[in-house]
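Presented below is the structure to which this report refers.
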Amino acid sequence: MRRELVYTDYRYMLRSMSDQPLREPTFLILTALAEKPQHGYGVIEDVQRISDGRVRLRAGTLYAVLDRLRADGWIEVDREEVVQSRLRRYYRLTALGARRLAAEVARLRHNAEAASARLGRSGLLADGGIA
Amino acid sequence: MSATDLERRYRLLLAAYPWEHRRVYEEEMLAVLLAGAPPHQRRPGLAEAWNLLAGALRVRLHNTGRGPTRAGWADAAAVTGLLTAFALFTLSLHALTEYPHFPTVSGPGWQREAVDWARLAGWGTVCAAIAAGWRWPAAGLAWIAVIAEATSLTLRYEDDPVSVVNTLWQFTLTLIAAATLTIPASRRRAFALLGARRMSALLLAAAIVGAVFLSNRLNRPPTLSTGQGQAVYVFYDLEATSDAVMWLYLAGITTAGLIGLISVASLAAPLRLRIGALFAPVISLMVLINATLAGWMTSNGHLDHAIHLRPVQWIALVGVPLVTLAIGVLAVQRREHVRTMVDLGRAVDRQRSQPQR
């Protein structure tokens, strides 16, 4: 497999690395930030909503991912606020992060459609497939 | 009271994170942890505590391993690869002026001439490949040069260990060229970073060095057998019949060196420091050889048999450049990490000093 660097927004990433599937917490955090900037606790609540309560991020996981995403240039700080003497830092998706999330969505959709079509043709499911 | 207890205990757990991370995220994480805690909770839950400790470990491991892979180092490697290949090409121009003809197997000392010509052709090809954006062929040729130079050093060591030690810095440059050209970078990235002005300056520096070598060739003093008691000034391979000419040569070489130095020094600080860290092993090696092996070289010159280096001296010759490289890389990483964290911390402090919304 050919390995080359993609140069975008002053950052490099190996194409083969950028094509690797995102881990679920990373995918959900990027999804939570896709629509509007959010602060840490907002991201935790949104991820829980997006995943129908299945994924509840903890602070340790969240900030390990946020730190890495910032270092990779996929998200950036939008603004900071102090609410009830507590710091709130809002994060937003960058253009690079948006492209990476879109690529992951396309990959997942392609795989899901393939799985759905084959399950439908197999006749293994009583209702004929997946809604 | 329970909120204070809980906050204190969370802070205790957050202390497991590196201080740079705490400086940026501690208050924010604490706010998230307290916002997510049920009322009257006094202690962090076991799962939460475990998650924080595991997160701290992950951040520490990630911070340790991610440095050299980042864009800044890829840029520095691209520029260093080009500069090193170009410097080696410029130095090998020596062959062009020393032997202004292609070697023939019948001529005396043709092997040495052939090696010098191969060096010139090889580094010229590497530079051309970099200019054309063919990074892999350039890196491949540089690695072939490493193998060839290592073989040459090994073959010469038995009879002439002094010349081997004296040319170790050139071998180190060859190694740096090969290693840095191997690091992935986009096509012609080094040229984009250096810009047309610096590239012109570097070409001028190479032209000056070439002119000095050529002048040295054309105005070389006659050999001792035909000389008539004339004073000859010698500086490494440069020879001149007058003090003024020798100073002119040295001024030319110094000017070329300064042009190269200024070209690098005028780059942005993050790039400049990284390039400095990548070249530091060569400097430390030269300092080590001059500081500790001068006596050994003199002794070798006065004896009719070669004195070889002891194992501990070889360990120092290999170890010191490697340690210098490691210290340089870590120092650059540390400096930039601290600066980033301080900047982010200041942003937080400024935000705190503003009136509450």
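A note on names: the letters A, B, ... follow the listed sequences, proteins ahead of strands, and every chain is numbered from 1.
Taking the side chain as every heavy atom from C-beta outward, R70(A) and V24(B) approach each other to under 4.5 Å.
Between the side chain of N51(B) and the backbone N or O of T61(A), at least one donor-acceptor pair lies under 3.5 Å.
Within a 6.0 Å sphere centred on CH2 of W134(B), heavy atoms belonging to other residues, nucleotides or ligands number 12 at most.
In summary, R86(A) and E7(B) engage in a salt bridge, as defined by a charged side-chain N under 4.0 Å from a carboxylate O.
Atom CH2 of W50(B) sits about 13.0 Å away from atom CZ of R58(A), to the nearest 0.5 Å. Expressed to the nearest 0.5 Å, how far CG of L33(B) lies from CD1 of I44(A) amounts to 7.5 Å. In this structure, CG in L87(A) is found 11.5 Å from CD in E26(B), a value given to the nearest 0.5 Å.
Of the residues L14(B), V32(B), L52(B), the one that meets the side-chain contact (heavy atoms from CB on, under 4.5 Å) test with Y63(A) is V32(B).
Both the backbone and the side chain of A47(B) come within less than 4.5 Å of a heavy atom in chain A. Residue R88(A) does not touch chain B at all, counting heavy-atom pairs closer than 4.5 Å. Residue contact with chain A, scored on non-hydrogen atoms closer than 4.5 Å, is absent for A54(B).
Nearest heavy atoms, R58(B) versus A64(A): NH1-CB, 3.6 Å.
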